[in-house]
Protein chains: 2
Amino acid sequence: MVERQRPVTIVDVARQAGVSQASVSRVLNGKPNVDPSIASAVHAAVAELGYEPSLAARSLVQGRNHTVAMVVPDLENPLFQGILKGLTLAADADGYRVLVADTDERAGSEEAVALEARRRCDAIVLCAPRMPEPRLRQLVARIAPVVVVNRPLDAAGVPWVGVDYARGIHDLVDHLVALGHRRIAYLAGPASSVSNGERERGLAAARETHPDLSVEILPGGSRLDDGAAAADAVLEARDRGATAVLGFNDLVALGLLHRLAELGVDVPGDLSVAGFDDSPFARYSTPPLTSMSVPRGELGAQVWQRLSTLVAGGRSEHTLLYRPRLEVRASTGPVPASAGADRA
Amino acid sequence: MVERQRPVTIVDVARQAGVSQASVSRVLNGKPNVDPSIASAVHAAVAELGYEPSLAARSLVQGRNHTVAMVVPDLENPLFQGILKGLTLAADADGYRVLVADTDERAGSEEAVALEARRRCDAIVLCAPRMPEPRLRQLVARIAPVVVVNRPLDAAGVPWVGVDYARGIHDLVDHLVALGHRRIAYLAGPASSVSNGERERGLAAARETHPDLSVEILPGGSRLDDGAAAADAVLEARDRGATAVLGFNDLVALGLLHRLAELGVDVPGDLSVAGFDDSPFARYSTPPLTSMSVPRGELGAQVWQRLSTLVAGGRSEHTLLYRPRLEVRASTGPVPASAGADRA
DNA sequence: CTGTTAGCGCTTTCAA
DNA sequence: TTGAAAGCGCTAACAG
């Protein structure tokens, strides 16, 4: 018969130390103006009884529980993992915990998940790449304080931290153009993805920069198998003259790379391939994948800085946009001699 | 000037519905024996006021917050991601949330993290592959209810769910032996890792099964770069006659694969390579990686089943061990004709 | 500087 | 079946 023992409360500590509950509370919360003798008595009692304050009680009375939630579409995505890590680390230093709410790519559930999470937490880090902007705007109003990640949002009191995908893809195209490529294919991400839209905007800008450049947009996706599945379409594009392919992200590019190898296509001999995000796997593929590096951890830290300001009741800080850095690896190379003219 | 408005409480609902707090509580908790007219009045009031019960208050009075934490050494590891996903899904169905506590591979912090997490949660899923058993034993006693994942533990009231690494590696070796390999190298995981110990046990067993088999254990690691860094040692082993290499996990094997390709070693022509865990990347590498598949999501679901039983005050259920399934891919092949005799 | 006391919002006896 | 009232454990006014 296991007797469920009553947990030690502040009352027990007070009695043991021979002081009032209030004094115990003050000592434990590091309030000023407490007599050292009382403090030491309290500490002794705490140690002796193995007392640990009830977080539930504290939450109730303070109206906050020192926990924030990060809502992400897919925890397997290295980008979100990195942001999460950076966020967690930074929050930890301020005594905050981070709860992860994975919406599992069910775009429809993002709203419900975020609302649910907000009930248990003091604030939200929201990553909802597919949510239509009007909905998002309504949502953030309901769950504030909130920081939006990885997409721009013009809403009062809601800072966001993101990546300049347009600029990044432009830089990547510049790299390819410098290698001599003039016909490029792009394996697009999910149609409703905001960051895919930004990439396509970057492609358009690159086309203006390079008048002799042509870009063909192919349906892709966001995961390994999407990239593999697109291999045939990519080869057709190559037959139409394309000499390089950009993937929506590294996963897509890696999936494609795999399938191309199976089909005996030489990369970059026959075709150059590049990704985006610089996932840890990029440098370990065969051939290593040229990609755009994003400071994932740094992003997370900046998110926390903004969120903590908000939680403390401060004014929302400025928005922040990181410019990705080009990582040239072996998957991109000069235009093959055989190319340059259409093959079709 | 923003007026922080007072949240709607159960008192407001009671007043609005013209009933007592107790009735509101009963309706909202689905207690039996409530007059339908009262119920509808309450629901109407709730809807009208947009009332949401305070989880903090509920936690305080009930002594539980319907949240559990999973302590993992590294969230980037696909194995833990999968388990987490399965766990989250299953817990969700029972109205429980899962909080993630990443110890970031700092083995020393596992204990502190687990204790901290336990304070905020009703139970713990513990994955501490490096913790010495005596410490672990003490720890689980302090944080019960708890389920241990991915390592065996013989402690009263603490169920565990794991993978039969010994059996798995044995099966993998059988596959290689069937292909004709007789000299195998193994890139070991972290020395203190329990699951590495089990793999080595499996290797020993395999050696008994196949008397003409010899196994060489090389220092490896648990990550991509560990595998890449071990390439030279692997080649030396090959010069001593090894025709196949097993990685501690897929990450190590993939890192190795990458480096071997750089060095111009043909896999599996010159050397067969296999991993463990069957991460999503395994099938997309070049060549695709032979690996042992582990039912990650299923593992997570079983963890929840045991944990929920415990939380409900039930007796701890039986321990569970999954046997990995062999996934043969192109990275393993017959012994090269040139091999068979030592080259040294 | 310290103690007393009133809640925080909810669930749950206990009577009615 | 319903309501009144007593806490859950803690913090924060308010006195002293």
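Every chain is numbered from 1, with letters handed out A, B, ... down the list of sequences.
Under 4.0 Å is where a charged nitrogen must lie from a carboxylate oxygen, and between Asp12(A) and Arg6(A) at least one such pair does.
The side chain of Arg26(B) places no N or O atom within less than 4.0 Å of a non-bridging phosphate oxygen (OP1 or OP2) of dT11(C). OP1 and OP2 of dG9(C) both lie 4.0 Å or more from every side-chain N or O belonging to Ser54(B). When the side-chain nitrogen and oxygen atoms of Asn29(A) are compared with OP1 and OP2 of dT11(D), one or more of them lie within a distance under 4.0 Å. Applying the 4.0 Å criterion to OP1 and OP2 of dG9(C), one finds that Thr9(B) has every side-chain N and O outside that range. Listed pair Ser23(A) / dG3(C) meets the phosphate criterion, a side-chain N or O lying under 4.0 Å from OP1 or OP2. Remark: Lys31(B) is not in phosphate contact with dT2(D), judged by side-chain N or O atoms under 4.0 Å from OP1 or OP2.
In this structure a side-chain-to-backbone donor-acceptor pair under 3.5 Å is present from Arg120(B) to Asn65(A). No donor-acceptor pair closer than 3.5 Å links the side chain of Ser25(B) to the backbone N or O of Gln21(B). Side-chain atoms of Ser59(B) come within 3.5 Å of backbone atoms of Leu55(B) as a donor-acceptor pair (strictly under, hydrogens ignored). Here the side chain of Arg306(B) pairs a donor or acceptor atom with the backbone of Gln302(B) at under 3.5 angstrom.
Here the C1' atom of nucleotide dG9(D) and the CD1 atom of Ile10(A) are 8 Å apart, to the nearest Å. As a whole-Å value, the separation of Arg119(B) CZ from dG9(D) C1' is 12 Å. Separating the CG atom of Leu28(B) from the C1' atom of dT12(C) is a distance of 15 Å, rounded to the nearest angstrom. For Gln21(A) and dC10(D), the CD to C1' distance is 8 Å, given to the nearest whole Å. For Asn65(A) and dG9(C), the CG to P distance is 15 Å, given to the nearest whole Å. When the C1' atom of dC8(C) is taken as reference, atom CG of Leu60(A) falls 4 Å away, rounded to whole Å. Following rounding to the nearest Å, Arg64(B) (CZ) and dC8(D) (P) show an atom-to-atom distance of 18 Å. Straight-line distance from the CD atom of Gln62(A) to the C1' atom of dA12(D): 10 Å, rounded to whole Å.
Each of Val61(B) and Ser20(B) has a nearest nucleotide on DNA chain D; the 5'-most of these lies closest to Ser20(B).
Checking dT4(C), dT12(C), dG9(D) against every side-chain atom of Ala57(A), the shortest atom distance belongs to dG9(D).
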